[in-house]
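Okay, so here's the structure we're looking at.
Just so we're clear, the structure is a prediction, and the values are computed from it rather than from any experiment. Counting from 1, the numbers follow the sequence of the chain as shown. Note that these values count all heavy atoms, side chains included, but never hydrogens, waters or copies made by symmetry.
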Amino acid sequence: MQSLKDMLVESKIFANREVLSPHYTPKKLIFREKEINNIERAIAPALKGERGRNLFIYGKTGSGKTSCARYVIEEVRDIPNGRAKISYINCKIYNSRYRVLNKIVSDHLPTYAKRGYGAVDLYEKLTSWIEEDNKILVIILDEVDVVKDLDDLIYTLTRINSDIKAGGVTIIGISNKVSFKEALDPRSLSTLYETELVFAPYYATELYAIIKDRAGMGFRANVINDDILHFIAASAAKEGGDARMSLKILSKSGEMAEERGLDKVTMKEATEASRFAENDVVYELIATLPEHHKLVLYSIAMLTQSGGSYKKLTDGADTYLFSGEVYRRYKSITESLHKEAKSERWYRKYLSELEMQGLITAFESGKGIRGHTKLIKLMYPPQKTKDVLEKDIMGYERETEKEEPA
Ligand SMILES: Nc1ncnc2c1ncn2[C@@H]1O[C@H](COP(=O)(O)OP(=O)(O)OP(=O)(O)O)[C@@H](O)[C@H]1O
Ligand SMILES: [Mg+2]
């Protein structure tokens, strides 16, 4: 444990911690010239006072979508022009049509916003403001897939162009979920996808260059060597070419070295940090499971902690669970939440999906124990798994923790 005194002493490891954070937007974005150019092309007409075409950007998490969009926004800020206006909207925060409209209005008409106007008023205010002097409004909707009433939002925003006599609106949507296409109204879809830009995941060599650059600014001289950077880039590439993850591993390994009082990052820290980051991904995966998958996994984590009947029968160290006891637990938890438990057929489907995700393993017991049954094993620590799930399972009541009657 580091003492306060140690913390105040200048770090032997870090020169500038902030640049190592995945939230830091670097001044230059390597390997993304083409993508940046595409975004510029979508925005260029606006700078000339013309309506552009809508653009839809997608690609895996950590592939640089947000960074590139922000980069172009910064560029535009430096070009003096009266008519082009930009709103960048993080839809994780502004996740409904109303909130998005309100955000756009508050970006450009701050005195008008926050007065509790309804959507219609906001819409009218916005359209007359655009018409006033032929403005072109570029609306960047990042993480657009999380908007609850997305079809309504797209419909409303695209309708502006037919409602106004002058000026226009260009929409740039960004998402890392391709599957959300299926949930969209075909009309919204065709508007959003007018032109499409795909961000490919980064290769290990690209990730290496990205973190090399960052390490040069973030670490003191000779703290981290090239072999370690290559190792980190390779682990992040294996997990899907995610630049954010490679930066997480990089900064985490630095923190570990510092906690251990070292003056260099060694392969040991890098290895541990990369395992740590992989875990992060797993818990994110758990947090985004559908409801009943969560409830089944939660039952498995609970039983794993209390030790299922298999453990009691065999006195074994490994905690395998009987499929039947898991189902019973799932049923009682679900019912205690005043929800309807799914049938065993569904339950078996959830199990095989949880297995495909690598969260559990399941196998047939063979004839030995209790005839022929399925045994289940949780692949991650039960407490951490439970913690992640508890945050999401709404109205979860502690009393379900009681042991089931035999
Ligand atoms: N080409 C690049 N050069 C340097 N750093 C990069 C590059 N691409 C990504 N990064 C770094 O990785 C981080 C994550 O990238 P970004 O947030 O742009 O990903 P994203 O595609 O928007 O991911 P998500 O879908 O999860 O939102 C950035 O903050 C930045 O620090
Ligand atoms: Mg993003």
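- Heavy-atom contacts from other residues, nucleotides or ligands closer than 6.0 Å to CZ of R159 number more than 12.
- Side-chain atoms of K177 do not come within 3.5 Å of backbone N or O of V144 as any donor-acceptor pair.
- E194 places none of its side-chain heavy atoms less than 4.5 Å from the side chain of F56.
- If you check the side chains of Y208 and D226, you find a donor sitting under 3.5 Å from an acceptor.
- The closest side-chain donor-acceptor pair between R97 and T156 falls under 3.5 angstrom.
- Side-chain contact between L354 and H293: present, with at least one pair of heavy atoms (C-beta onward) separated by less than 4.5 Å.
- Taking the six-membered ring where the residue is Trp, Y327 and Y347 present tilted rings, their angle falling between 30° and 60°.
- Judged purely by distance below 3.5 Å, without hydrogens or angles, the side chains of E33 and N37 never pair a donor atom with an acceptor atom.
- Here the closest heavy-atom approach between residue I211 and residue A233 is recorded as CD1-N, 4.0 Å.
- Ionic pairing of E278 and R275 is not present here: no N-O contact between side-chain nitrogen and carboxylate oxygen is shorter than 4.0 angstrom.
- For the pair L157 and V169, the tightest heavy-atom approach, listed with the atom from each and the gap, is O-CG1, 4.1 Å.
- For W346 and H292, the ring centers are positioned 6.0 Å apart or more.
- Between E35 and L29 there is no side-chain heavy-atom pair separated by less than 4.5 Å.
- Under the side-chain contact (heavy atoms from CB on, under 4.5 Å) rule, C91 has a single partner from L153, L141, D145, which is L141.
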Worked verdict on D133 versus K135 for side chain to side chain contact (heavy atoms under 4.5 Å, CB included): CA-CA 6 Å; D133 49 356; K135 292 184 190 76; 2.6 Å; yes

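- Between L351 and I300, some side-chain heavy-atom pair lies under the 4.5 Å cut-off.
- Put simply, the side chain of E340 does not reach to within 4.5 Å of the side chain of T334, judged on heavy atoms.
- Remark: side-chain polar atoms of D151 are paired, donor with acceptor, to backbone N or O of D185 under 3.5 angstrom.
- A pairwise comparison of heavy atoms in Y202 and G62 identifies CE1-O, 3.5 Å as the closest pair.
- Between A215 and L229, the shortest heavy-atom contact is CB-CD2, 4.1 Å.
- The shortest non-hydrogen separation linking E390 to Y298 is OE2-OH, 2.6 Å.
- To the nearest 0.5 Å, the span separating CD1 on I174 from OG1 on T66 amounts to 5.5 Å.
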Derivation and outcome, side chain to side chain contact (heavy atoms under 4.5 Å, CB included), residues E143 and N90: CA-CA 6 Å; E143 319 257 0; N90 179 350; 4.0 Å; yes

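- A distance of 10.0 Å separates CG in L55 from CG in L192, rounded to the nearest 0.5 Å.
- Note: S274 OG to I249 CD1 = 5.0 Å, rounded to the nearest 0.5 Å.
- Side-chain rings of F199 and Y58 stay apart, their centers remaining 6.0 Å or farther from each other.
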Check against side chain to side chain contact (heavy atoms under 4.5 Å, CB included), I232 and S253: CA-CA 10 Å; I232 293 174; S253 57; 4.1 Å; yes

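- Counting only heavy atoms from C-beta outward, the side chains of L378 and L297 approach each other to under 4.5 Å.
- Rounding to the nearest 0.5 Å places CD1 of I79 at 9.5 Å from CD1 of I43.
- Using a cutoff of 4.0 Å between basic side-chain nitrogens and carboxylate oxygens, E272 and K268 are scored as salt-bridged.
- A salt bridge does not link R329 to E325: none of the charged side-chain nitrogens sits closer than 4.0 Å to a carboxylate oxygen.
- Within the 4.5 Å cutoff, the side chain of K85 has heavy atoms near those of the L137 side chain.
- With D242 contributing its side chain and M245 its backbone, the two residues share a donor-acceptor pair below 3.5 Å.
- The line from CD of E206 to OG of S63 is 11.0 Å long, rounded to the nearest 0.5 Å.
- Evaluated for a side-chain contact (heavy atoms from CB on, under 4.5 Å) with Y98, the options N102, N95, V100 yield exactly one hit, N102.
- Y88 carries R70 over the face of its six-membered ring, with the cationic atom under 6.0 Å from the centre and within 45° of the normal.
- Put simply, NZ on K125 and CG on L101 are 14.5 Å apart, with the number rounded to the nearest 0.5 Å.
- The local environment of CD in E196 is crowded, with over 12 non-hydrogen atoms from other residues, nucleotides or ligands closer than 6.0 Å.
- Counting all heavy atoms, side chain and backbone alike, H108 lies closest to S87 at NE2-OG, 3.0 Å.
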Side chain to side chain contact (heavy atoms under 4.5 Å, CB included) between L122 and Y112, worked out: CA-CA 9 Å; L122 291 173; Y112 188 82; 4.3 Å; yes

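- With 3.5 Å as the limit, one finds no donor-acceptor pair spanning the side chains of T191 and N54.
- A cation-pi arrangement, defined by a distance under 6.0 Å to the six-membered ring centre and an angle within 45 degrees of its axis, is absent between R32 and Y71.
- Using a 4.0 Å cut-off between charged nitrogen and carboxylate oxygen, E355 and K374 do not count as a salt-bridge pair.
- In this structure, R17 fails the cation-pi test against Y24, since its NZ or CZ atom is not both closer than 6.0 Å to the six-membered ring centre and inside 45 degrees of the ring normal.
- Under the 6.0 Å cut-off for aromatic ring centres, F31 and Y203 do not qualify, their centroids lying 6.0 Å or more apart.
- Within 6.0 Å of the CZ atom in R220, the count of heavy atoms belonging to other residues, nucleotides or ligands exceeds 12.
- The number of heavy atoms from other shown groups lying within 6.0 Å of CZ (F276) does not exceed 12.
- Taking 4.5 Å as the limit, some side-chain heavy atom of P26 sits within range of a side-chain heavy atom of R214.
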